[in-house]
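Just so we're on the same page: letters track the sequence lines, and every chain starts at 1.
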Protein chains: 2
Amino acid sequence: MSTPSKIGSPKKISESTIHRLSLYYRALSLLEKENYDTVSSKQLAKIERLTPAQVRKDLSFFGSFGTRGLGYPVNELKQKIATILGIDRQWRVALIGIGNIGSALVSYKEFARQGFQIVKLFDNDQRKIGSNHKGIIVSDIKNLEQELSEASIEMVVLTTPPTVAQYLVDDIVNSGVKAILNFAPINLKVPEHIYLRNENMAMELEYLSFALTNNAPPRRQPSY
Amino acid sequence: MSTPSKIGSPKKISESTIHRLSLYYRALSLLEKENYDTVSSKQLAKIERLTPAQVRKDLSFFGSFGTRGLGYPVNELKQKIATILGIDRQWRVALIGIGNIGSALVSYKEFARQGFQIVKLFDNDQRKIGSNHKGIIVSDIKNLEQELSEASIEMVVLTTPPTVAQYLVDDIVNSGVKAILNFAPINLKVPEHIYLRNENMAMELEYLSFALTNNAPPRRQPSY
DNA sequence: AACTTTATGTGAAATGCTTCACAAATCGAG
DNA sequence: CTCGATTTGTGAAGCATTTCACATAAAGTT
């Protein structure tokens with residue numbers, strides 16, 4: 001009915017809803033490749049193991065994208081979600097810490113696919129500085145602030161050891177970067193206006209360990 | 001007061017509570033290293049950016065571990081949480097798909113540190129089969145079911161391309177593996193009795209993209 | 001030993017998120 | 001053009017999680 005005039009959502013949208021938008025986007029990409037024109041909330045829900053009501057409610061926060069009796073137009077909805085998530089553009093990303101995880105992420109296809117373009121690499125190890133990863137030369141972390149700022153980096157992925165991570169925050173923040181994805185298992189202290197998300201790959205294994213150990217209730221949908 | 005007789009918890013514990021246990025465990029490890037004897041819910045909350053009430057409520061699901069007026073005993077609480085999470089033991093883990101992410105995870109220290117021991121590697125690429133990663137020889141995926149079962153693997157980490165992942169599920173399940181951590185961006189279909197968790201590293205970047213694009217409300221604590 | 005301070009453990013209130021259920025809208029068939 | 005089938009969009013109900021607030025208890029102090 002009444003479309004919120006701006007897609008940039010005045011109401012508070014839950015974190016789970018945003019995560020599910022990622023899932024819808026993924027599902028729609030799949031459907032698009034299989035030449036579907038429309039999709040119902042029921043189908044979409046099935047693909048991502050959610051409920052139809054959940055799908056409709058999530059989408060309704062951002063507008064009325066469907067047609068009653070028919071469903072949602074695959075192409076158009078995919079594009080709309082891309083706009084909402086802000087992945088209808090390229091983001092300039094720097095990766096700091098070229099260890100195991102770091103080097104893996106340089107070649108991680110899902111990043112590139114959603115518009116996250118890794119354009120700078122940093123490390124503090126002389127043996128790594130100057131080396132070439134997928135066409136990008138590793139810079140010395142000494143010049144972090146200046147190089148981030150000169151390269152107009154908008155987001156940073158932190159894959160350093162936990163002891164190092166906190167020291168880098170000031171330089172990162174001063175460079176003008178507004179968002180940090182932190183892989184170090186530590187709770188970084190950052191200023192209020194910086195967006196920070198943490199990724200801890202051991203945590204999901206720990207959840208599985210808990211489930212196996214305690215015979216947790218059979219199944220539930222993923223957390224989002 | 002009344003300690004639930006079994007730590008394996010009869011009540012339903014939320015997913016978020018489990019994730020936060022991982023955080024408490026991490027914080028306690030830190031405090032232990034710094035020779036703290038006791039810690040209050042307030043301190044613990046501060047370290048992981050949660051609220052004291054949250055900490056106390058979470059812990060109270062599993063028993064009464066603290067002393068009024070004093071706080072919680074660091075060592076003992078750490079050990080208790082390890083038992084609850086089932087990480088007070090070694091888990092035998094296999095990793096399938098020796099690409100970028102896969103090879104990085106072989107050396108990922110956080111896994112080893114929490115008792116997740118990667119003891120088998122698999123791939124379908126002849127160039128990788130037989131090669132040595134951190135002392136483990138990569139096996140052919142052809143013999144997946146048998147080798148998983150012979151090695152008494154309890155958990156599997158899936159880092160194959162999405163197109164391959166679903167095909168492997170039958171072999172994995174038939175081998176007796178009960179838990180899967182899936183990195184492929186696809187919703188795997190697995191039998192009811194199998195525990196499945198998904199890890200999608202692009203999703204948190206997408207969240208940051210959303211936040212930057214929509215000037216999402218300044219900050220909130222991590223989802224768990 | 002009494003008093004003050006600190007901090008847990010937990011019902012109850014408040015808040016937040018998901019599911020329900022149905023009116024409204026569109027489609028397709030006849 | 002009407003009717004039956006389908007499916008959205010959304011208030012309201014139902015659940016779940018978080019926060020509040022306080023009784024209770026231990027520790028330290030004088």
Just how far, in rounded Å, is P of C/dA29 from CG of A/Leu70? 12 Å
Of the listed C/dC22, D/dT18, D/dT24, the closest approach to the A/Arg56 side chain comes from C/dC22
Of the nucleotides D/dC22, D/dT10, D/dT19, which has the atom closest to the B/Thr51 side chain? D/dT19
When all nucleic acid strands are considered with a 4.0 Å heavy-atom cut-off, which category describes A/Lys57: base, sugar-phosphate, or nothing? base
Closest-nucleotide 5' rank along DNA chain D - winner of A/Gly71 and B/Thr67: A/Gly71
B/His19 atom NE2 is separated from D/dT17 atom C1', nearest whole Å, by 15 Å
Report yes or no: does A/Ser64 contribute a side-chain atom to a donor-acceptor pair with the main-chain N or O of A/Ser60 at less than 3.5 Å? no
For a quick check under 3.5 Å, do B/Tyr108 and A/Asn100 share a side-chain donor-acceptor pair by atom type? no
Distance check needed: D/dG9 C1' versus A/Leu59 CG, whole Å only. 11 Å
Tell me whether the side-chain N/O atoms of A/Tyr72 come closer than 4.0 Å to OP1 or OP2 in D/dT6. no
In terms of side-chain heavy atoms of B/Gln54, which of D/dT7, D/dA27, D/dT19 is nearest? D/dT19
Should the ring pair A/Phe116 and A/Phe111 be called parallel, tilted or perpendicular, given that the plane angle runs from 0 to 90° and is split at 30 and 60? perpendicular
In whole Å, I'd like the distance from the CG atom of B/Leu77 to the C1' atom of C/dT8. 13 Å
Separation of A/Glu15 atom CD from D/dT17 atom P, in whole Å? 15 Å
Salt bridge check, B/Arg20 against B/Glu15: does any charged N sit closer than 4.0 Å to a carboxylate O? no
Quick one: A/Ile13 CD1 to C/dT18 C1', roughly how many Å, whole number? 15 Å
Whole-Å distance separating the NZ atom of B/Lys46 from the C1' atom of C/dA7: 17 Å
Would you indicate, yes or no, if D/dT7 has its OP1 or OP2 atom less than 4.0 angstrom from a side-chain nitrogen or oxygen of A/Ser41? no
If you pin A/Ala53 and B/Lys42 to their nearest nucleotides in DNA chain C, which one's is more 5'? B/Lys42
Ranking D/dT8, C/dT8, C/dG16 by distance to the side chain of B/Ser40, first place goes to C/dT8
Below 4.0 angstrom from OP1 or OP2 of C/dC22, is there any side-chain N or O of A/Arg68? no
Give A/Thr17 one of three labels, base, sugar-phosphate or nothing, depending on what nucleic acid heavy atoms sit under 4.0 Å from its own. nothing
Rounding to an integer number of Å, can you tell me how far B/Glu48 CD sits from D/dT18 P? 15 Å
Could you check whether any side-chain N or O of A/Lys120 sits under 3.5 Å from a backbone N or O of A/Ile118, counting only pairs where one atom can act as donor and the other as acceptor? no
